[in-house]
Amino acid sequence: MQGQNTTIVIADDHPLFRGALRQAVASVMPQARVIEASGLDELNATLGQERDLDLILLDLTMPGVQGFSALLSLRAQHPELPVVIVSATEEPTVIRRAMEFGASGFIPKSIDVDSIGGAISAVLAGDTWTPPDVDLSAAEDKETADLVRRLATLTPQQVRVLTMLSEGLLNKQIAYELNVSEATVKAHVSAILDKLGVDSRTQAVIAASKIGVTQRPSPAGAD
DNA sequence: TACTATCCTCTTTAACCGTT
DNA sequence: AACGGTTAAAGAGGATAGTA
């Protein structure tokens with residue numbers, strides 16, 4: 001059924017773990033074609049070139065990736081393409097949030113290769129997969145859940161603008177970065193404020209950082 | 001099946017207003 | 001004047017429904 005026409009992208013900056021993932025894929029589907037990307041740029045290049053991709057294994061912490069922003073824009077730009085998050089963390093909050101942002105699965109790096117293979121085949125079969133020993137039922141407060149839902153409605157361009165907003169850029173600077181007029185940026189900002197249900201860009205930035213869509217620069221080394 | 005009409009979303013821009 | 005924000009409008013592109 002599945003195997004020979006299946007193409008899977010592994011996006012992770014650690015070569016060792018890319019190897020482990022590749023091995024896990026091979027154990028489940030020896031025929032599958034695997035494309036590796038070591039960063040966001042390579043991933044985007046792959047997405048631009050390749051047509052019939054079946055699955056992306058996405059590391060949550062890669063160069064060029066801020067929080068969930070990569071997942072968010074992937075979901076926005078390629079709604080049909082299943083994304084499985086691969087991460088070192090096993091925090092239920094992070095896992096739940098990833099799933100709410102549209103991930104098809106969440107694989108902690110600590111689990112064994114067999115389980116990873118099982119997770120991958122489950123997702124390819126159309127199911128979702130999260131670590132069985134992690135309790136996801138713990139309810140998040142309503143406001144946060146609501147905010148997550150709102151964030152998920154942002155368009156790719158709006159996600160880009162929000163990311164730059166979080167970096168403290170002015171409308172004029174964002175316009176320069178995106179090669180559009182300042183009026184365009186203002187319109188995007190307005191749309192973002194509307195969708196997030198806030199009144200100002202600062203509130204939008206605070207909301208985004210609260211959820212973890214964009215990470216604020218942390219004072220101490222945080223990794 | 002193929003073609004067309006239509007609707008909707010996304011993106012872009014200009015004009016305008018309020019605040020500092 | 002500079003900056004942030006709102007609104008109306010228009011073009012591109014995709015999805016959908018109806019028709020021949």
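Reckoned from all heavy atoms, side chains included, excluding hydrogens, waters and symmetry mates. So you know, we letter chains A, B, ... as the sequences are listed, proteins then strands, and number each from 1.
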Whole-Å distance, A:Asp199 CG to C:dG4 C1', equals 13 Å
Taking CG from A:Leu154 and C1' from B:dC10, how many angstroms apart are they, rounded to a whole number? 13 Å
Hey, is the side chain of A:Thr155 poking within less than 4.0 Å of OP1 or OP2 on B:dT9, counting only N and O atoms? no
Could you list the residues that satisfy side chain to side chain contact (heavy atoms under 4.5 Å, CB included) with A:Ser110, not counting sequence neighbours? A:Glu90, A:Pro108
Ring pair (Phe, Tyr, Trp, His ring centres under 6.0 Å): pairs with one or both residues in residues 25-46 of chain A, sequence neighbours excluded: none
Can you list everything that forms a salt bridge (Lys or Arg N to Asp or Glu O under 4.0 Å) with [X]? Sequence neighbours excluded, please.
{"X": "A:Arg150", "value": "A:Asp146"}
{"X": "A:Lys109", "value": "A:Asp12, A:Asp59"}
{"X": "A:Glu36", "value": "A:Arg18, A:Arg22"}

Contacts table for residues 177-190 of chain A: side-chain donor-acceptor under 3.5 angstrom, sequence neighbours left out:
unit_1   : atom_1 : unit_2   : atom_2 : d
A:Ser181 : OG     : A:Ala183 : N      : 3.4
A:Ser181 : OG     : A:Thr184 : N      : 3.3
A:Ser181 : OG     : A:Thr184 : OG1    : 3.2
A:Ser190 : OG     : A:Lys186 : O      : 3.4

Got a sec, which residues hit ring pair (Phe, Tyr, Trp, His ring centres under 6.0 Å) with A:Phe106, two or more places apart in sequence or on another chain? none
Per the under-4.0 Å heavy-atom filter, residues of residues 190-198 of chain A near DNA chain C come out as A:Ser190, A:Leu193
Please work out which residues in residues 168-177 of chain A have a non-hydrogen atom less than 4.0 Å from an atom of DNA chain B and list them by number. none
Report the residues that fulfil side-chain hydrogen bond (donor to acceptor under 3.5 Å, both in side chains) with A:Asp112, sequence neighbours left out, ordered by chain and then residue number. A:Ser115
Per-nucleotide protein contact string for nucleotides 12-20 of chain B, where B marks a base within reach and S marks sugar-phosphate only (heavy atoms under 4.0 Å, - for neither): BBB------
Table please: side-chain donor-acceptor pairs of residues 198-208 of chain A below 3.5 Å, with sequence neighbours left out.
unit_1   : atom_1 : unit_2   : atom_2 : d
A:Ser200 : OG     : A:Thr202 : OG1    : 2.9
A:Ser200 : OG     : A:Gln203 : N      : 3.3
A:Arg201 : NH1    : A:Asn171 : OD1    : 3.0
A:Arg201 : NH2    : A:Leu169 : O      : 3.3
A:Arg201 : NH2    : A:Asn171 : OD1    : 3.0
A:Gln203 : OE1    : A:Asp199 : N      : 3.1

Between A:Gln173 and A:Gly168 the two heavy atoms that sit nearest each other are OE1-O, 4.4 Å
